[in-house]
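Atoms within each ligand, like the ligands themselves, are counted from 1 in listed order.
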Amino acid sequence: MTSRMSSYARPTRIDEALALLARSGRTILAGGTDFYPSRVETSPRDDVVDISALADLRGIQQTDTGWRFGAATIWTEVIEAKLPPLFDGLKLAAREVGGMQIQNSGTIAGNLCNASPAADGVPALLTLNARVEIAAADSRRVLPLEQFILGPRKTALRAGELVTAILVPKSAHPARSDFLKLGARKYLVISIAMVACVFEVEDGTVRAARVAVGSCSPVAMRLPKLEQALAGRPLDRHLGECVLAEHVQPLAPLDDVRASGAYRRQAALTLIRRSLERLA
Ligand SMILES: Cc1cc2nc3c(=O)[nH]c(=O)nc-3n(C[C@H](O)[C@H](O)[C@H](O)COP(=O)(O)OP(=O)(O)OC[C@H]3O[C@@H](n4cnc5c(N)ncnc54)[C@H](O)[C@@H]3O)c2cc1C
């Protein structure tokens, strides 16, 4: 019996990578921290395009309209970057992705493309109104993050496409942000629930609020009714009191080995209240 050999390429130019990806059946490898664990005890059969040598995919740049996070920017770069308070929540999330070894290798786009309901980067990026820049050999497109992750392990990526960047727009008002994760222990843990919040604040009033919850639905989600209830309120320590059980109704938390759905829903409510108090 003959077994099919896999191939490995590590291009240094994006056009070279896209040309390789245009051939059918190629798998993208970035930091490998999701790729390798999902292939334990199986022979590697993938034809791999390793994107870790694509310098254009690395680093964070400020642009006229916001910020551009290269797709292969590692979590440590996010943590160490000089960024305004709008990104404090994303930095807190970055610190929660595994330990330092994982943060030194795992990338921001890898976290999105893996499409885990428990991916720590997703709620924070949802509250940043992030958009996903995608390239193929003959096309370019940009999708809001909400339209990019379609379900557990399912994204809108088509064959031959590569995520090239995550784009975050400037906020209209000065913003502050937060992220809280609950797990069965403090570090190195898959979350039971997590919450990210961004507040745009002017003259002590919340002008816009964005709240997202992860690990409590097939894809992390924003809570628009809560966001509407928070907008226009004074930013004070009573803010948590406007969070009602009905605001977390859209969540669909599962019962699993980590927690029951009912516990997860309650945990989300508590984390949101705590986060609002921290932001105030
Ligand atoms: C011990 C350990 C602990 C972990 N803890 C956490 C945790 O606490 N929280 C958390 O959220 N995650 C955690 N992870 C998961 C992982 O580290 C992150 O999701 C990380 O951000 C993945 O990035 P990567 O570059 O390693 O992705 P890879 O493993 O290289 O790729 C992941 C998937 O994305 C695809 N992909 C990668 N980059 C692109 C791109 N630019 N365009 C298109 N497709 C792409 C790959 O084909 C693959 O399907 C952990 C992993 C390990 C091994």
Side-chain angles (χ1 to χ4, degrees), residues 6 8-11 14 17-18 20-21 25-40 44-59 68-79 90 92-126 132-136 140-143 145 148-149 152-167 179-194 196 214-215 219-220 258:
S6 57
Y8 174 85
R10 191 166 184 252
I14 292 183
L18 295 176
L20 285 164
L21 290 169
R26 306 282 147 155
T27 305
I28 296 167
L29 172 69
T33 60
D34 279 314
F35 175 93
Y36 288 115
S38 66
R39 285 159 178 80
V40 173
R45 290 282 172 89
D46 308 73
D47 291 316
V48 169
V49 179
D50 180 343
I51 60 169
S52 62
L54 298 177
D56 289 349
L57 257 53
R58 284 294 277 269
R68 186 175 200 280
F69 290 70
T73 301
I74 56 171
W75 288 113
T76 302
E77 289 171 298
V78 174
I79 293 165
L90 181 65
L92 288 168
R95 288 180 187 282
E96 296 285 348
V97 180
M100 283 176 81
Q101 289 157 311
I102 298 297
Q103 292 156 18
N104 280 337
S105 184
T107 64
I108 189 164
N111 195 244
L112 304 187
C113 295
N114 193 47
S116 160
D120 287 329
V122 177
L125 286 165
L126 284 173
V132 182
E133 183 189 270
I134 300 166
R140 299 281 183 280
R141 60 186 181 129
V142 176
L143 284 181
L145 179 53
F148 179 74
I149 304 178
R153 312 283 170 206
K154 194 169 185 312
T155 70
L157 271 184
R158 300 176 191 139
E161 285 187 326
L162 170 74
V163 173
T164 46
I166 317 298
L167 310 173
F179 174 84
L180 281 175
K181 168 171 166 176
L182 174 73
R185 57 174 187 256
K186 185 78 188 83
Y187 295 110
L188 274 172
V189 70
I190 297 178
S191 68
I192 289 170
M194 57 183 148
S215 284
V219 183
R258 277 177 219 102

Look at [atom] and say which protein heavy atom is nearest, naming residue and atom and giving the distance to 0.1 Å.
atom                    : value
atom 23 (O) of ligand 1 : T107 N, 3.1 Å
atom 39 (C) of ligand 1 : I28 CG2, 3.7 Å
atom 13 (C) of ligand 1 : V97 CG1, 3.8 Å
atom 9 (N) of ligand 1  : D120 OD2, 2.8 Å
atom 6 (C) of ligand 1  : G98 N, 3.4 Å
atom 37 (C) of ligand 1 : G110 CA, 3.7 Å
atom 52 (C) of ligand 1 : I102 CD1, 3.6 Å
atom 53 (C) of ligand 1 : T33 O, 3.2 Å

Counting both backbone and side chain atoms, is some N or O of [X] under 3.5 Å from an N or O of ligand 1?
X    : result
L188 : no
D34  : yes
E161 : no
F35  : yes
G32  : yes
V163 : yes
Y36  : no

When you measure from the side chain of [X] to the backbone of [Y], do you find a donor-acceptor pair of N or O atoms at a distance under 3.5 Å?
X    : Y    : value
R39  : F35  : yes
R153 : N114 : yes
R158 : E161 : no
T73  : F69  : no
K181 : V189 : yes

Query raised in the report: Do R141 and E133 sit within salt-bridge range, that is, some charged N less than 4.0 Å from a carboxylate O?
Result: no
Query raised in the report: Sequence neighbours excluded, which residues qualify as side chain to side chain contact (heavy atoms under 4.5 Å, CB included) partners of A193?
Result: C216, A267, L271
Query raised in the report: Quick one: which of A118, C113, A119, A115 has a heavy atom closest to atom 34 (O) of ligand 1?
Result: C113
**Report entry** Full working for side chain to side chain contact (heavy atoms under 4.5 Å, CB included) between L21 and I28
**Finding:** CA-CA 8 Å; L21 290 169; I28 296 167; 3.6 Å; yes
Query raised in the report: Any side-chain heavy atom of L162 sitting closer than 4.5 Å to one from I51?
Result: yes
Query raised in the report: Are W75 and I108 close enough that some pair of their side-chain heavy atoms sits under 4.5 Å apart?
Result: yes
Report task. To the nearest 0.5 Å, tell me how far I190 CD1 sits from D120 CG. Result -> 9.5 Å
Number the atoms of ligand 1 from 1 as they appear, then name those within less than 4.0 Å of a heavy atom of [X], with their elements.
X    : answer
A30  : 25 (O), 30 (O), 37 (C), 38 (N)
V189 : 8 (O)
K181 : 8 (O)
L157 : 43 (C), 44 (N)
A71  : 41 (N)
G31  : 24 (P), 25 (O), 26 (O), 30 (O)

Contact between ligand 1 and [X] is defined here as a heavy atom of the residue under 4.0 Å from a ligand atom; is it met?
X    : answer
W75  : yes
E133 : no
I134 : no

Query raised in the report: Can you tell which part of Q103 has a heavy atom less than 4.0 Å from ligand 1: side chain, backbone, both or neither?
Result: neither
Specify the closest pair of heavy atoms between [X] and [Y], including all atoms of both residues, with the distance to one decimal.
X    : Y    : answer
L143 : A156 : CD1-CB, 3.7 Å
P117 : M194 : O-CE, 4.2 Å
A109 : V163 : CB-CG1, 3.9 Å

Requested in this report: Determine if the distance from atom 49 (O) of ligand 1 to the closest protein heavy atom is below 4.0 Å.
Outcome: no
**Report entry** Polar contact flag, side-chain donor to acceptor under 3.5 angstrom, D50-S52
**Finding:** yes
Report summary line: Quick note, side-chain hydrogen bond (donor to acceptor under 3.5 Å, both in side chains) partners involving residues 92-112, not counting sequence neighbours, are T76-N104
